[in-house]
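Numbering of residues begins at 1 and proceeds along the displayed sequence.
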Amino acid sequence: MLTSCEGAPVDQENMVNKLFGSWQSLLIQLGATLILILIVGKFFMKPVREILQKRQDHIMSQISTANLIKEKAEEKEKEVNERISRLNVEASSIIDDAKKNAETIKENAYKEIEEEKIIQHQILQKQLEQEKISAKEEIRKEILEVALQASEVVLQREVSKKDNQQIVENFIKEVKSDE
């Protein structure tokens, strides 16, 4: 049993009557509510559904656009990564080629230096040979002069040009045969 705020017991039947009144008023209220629902459904549900459908379509198009953008971005990222990989390979190749070229240049420089060294050695050898030959010639000339002077002393006479020439030629033949 219910009690009122003042503490007096409340009759349930009295309360239902206060809320709904008679069954006729209950039926009228139900009918009015049903008519209100039909009117709201007829005039407001369709526009609300259209708004909701448009909103859903807009959201779906935004999602599909975002997915397309994401796919394109992933493709671009993949292309960029592939390009970076190719460029890294090309860079490595260029560096390797540069190292090989530097090594070749270094080897060629060493070869040129070695060849120059050999050529300089040959030139020095030729110069040395020339100096030897010229030194031998000077020695021969001096020996001839000494021999000539010695022969003059021995012969006590002056040797003629013809005799001198003959003596020099004989001496040169002897010196050449001794070598």
Side-chain angles (χ1 to χ4, degrees), residues 1-139 179:
M1 205 174 318
L2 294 174
T3 59
S4 69
C5 295
E6 298 169 358
V10 177
D11 186 13
Q12 285 181 355
E13 200 175 296
N14 191 16
M15 187 159 188
V16 170
N17 280 336
K18 282 184 179 179
L19 279 175
F20 297 111
S22 65
W23 63 272
Q24 292 104 357
S25 71
L26 178 64
L27 195 58
I28 291 173
Q29 284 179 358
L30 284 174
T33 304
L34 184 62
I35 290 171
L36 186 62
I37 289 173
L38 289 174
I39 290 173
V40 167
K42 174 97 174 149
F43 294 110
F44 295 112
M45 285 304 281
K46 188 176 181 181
V48 168
R49 281 186 187 166
E50 288 175 0
I51 291 171
L52 290 176
Q53 186 64 40
K54 286 179 183 178
R55 176 96 172 132
Q56 184 180 4
D57 292 344
H58 178 71
I59 291 170
M60 292 306 285
S61 71
Q62 291 289 340
I63 289 172
S64 65
T65 303
N67 285 336
L68 287 174
I69 291 171
K70 181 181 175 185
E71 288 174 7
K72 287 181 182 179
E74 288 172 352
E75 287 176 16
K76 289 287 184 185
E77 181 182 17
K78 188 177 179 180
E79 289 175 12
V80 166
N81 287 337
E82 288 174 1
R83 188 166 182 203
I84 288 172
S85 296
R86 283 193 312 264
L87 290 175
N88 284 337
V89 168
E90 287 178 25
S92 295
S93 174
I94 290 170
I95 289 170
D96 291 342
D97 289 345
K99 285 180 181 178
K100 287 177 186 176
N101 288 342
E103 189 65 31
T104 303
I105 290 170
K106 178 181 166 184
E107 288 175 9
N108 288 341
Y110 282 139
K111 285 179 185 177
E112 286 178 12
I113 290 171
E114 194 63 34
E115 289 172 1
E116 185 68 28
K117 183 178 160 184
I118 290 170
I119 290 170
Q120 289 294 328
H121 182 70
Q122 290 173 349
I123 290 172
L124 288 175
Q125 286 289 348
K126 286 180 182 177
Q127 285 177 350
L128 187 61
E129 286 295 320
Q130 288 292 337
E131 286 180 18
K132 272 184 176 180
I133 290 171
S134 102
K136 283 182 181 179
E137 278 298 316
E138 279 185 39
I139 290 173
E179 290 179 0

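Distance CD1/Ile37 to CE/Met45: 10.5 Å, rounded to 0.5 Å. Rounding to the nearest 0.5 angstrom, the gap separating the NZ atom in Lys70 from the CD1 atom in Ile63 is 12.0 Å. Going from atom CD of Glu131 over to atom CG of Leu124 covers 9.5 Å, rounded to the nearest 0.5 Å. Note: Ile113 CD1 to Lys117 NZ = 10.0 Å, rounded to the nearest 0.5 Å. How far CD of Glu79 is from CD of Glu75: 7.0 Å, rounded to the nearest 0.5 Å. Atoms CG and CG, on Leu52 and Asp57 in that order, are 11.0 Å from each other to the nearest 0.5 Å.
Test Glu50, Lys42, Arg49 against Lys46 for side chain to side chain contact (heavy atoms under 4.5 Å, CB included) and you get one pass: Glu50.
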Identify every side-chain donor-acceptor pair in residues 89-107 under 3.5 Å, counting partners at least two apart or on other chains, and give the distances.
unit_1	atom_1	unit_2	atom_2	d
Ser92	OG	Asn88	O	3.0
Asn101	ND2	Asp97	O	3.4
Thr104	OG1	Lys100	O	2.9

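For the 3.5 Å distance criterion, the side chains of Gln120 and Glu116 qualify, holding a donor opposite an acceptor.
Every residue meeting the side chain to side chain contact (heavy atoms under 4.5 Å, CB included) condition with Gln56, not counting sequence neighbours, appears here in chain and number order: Gln53, Met60.
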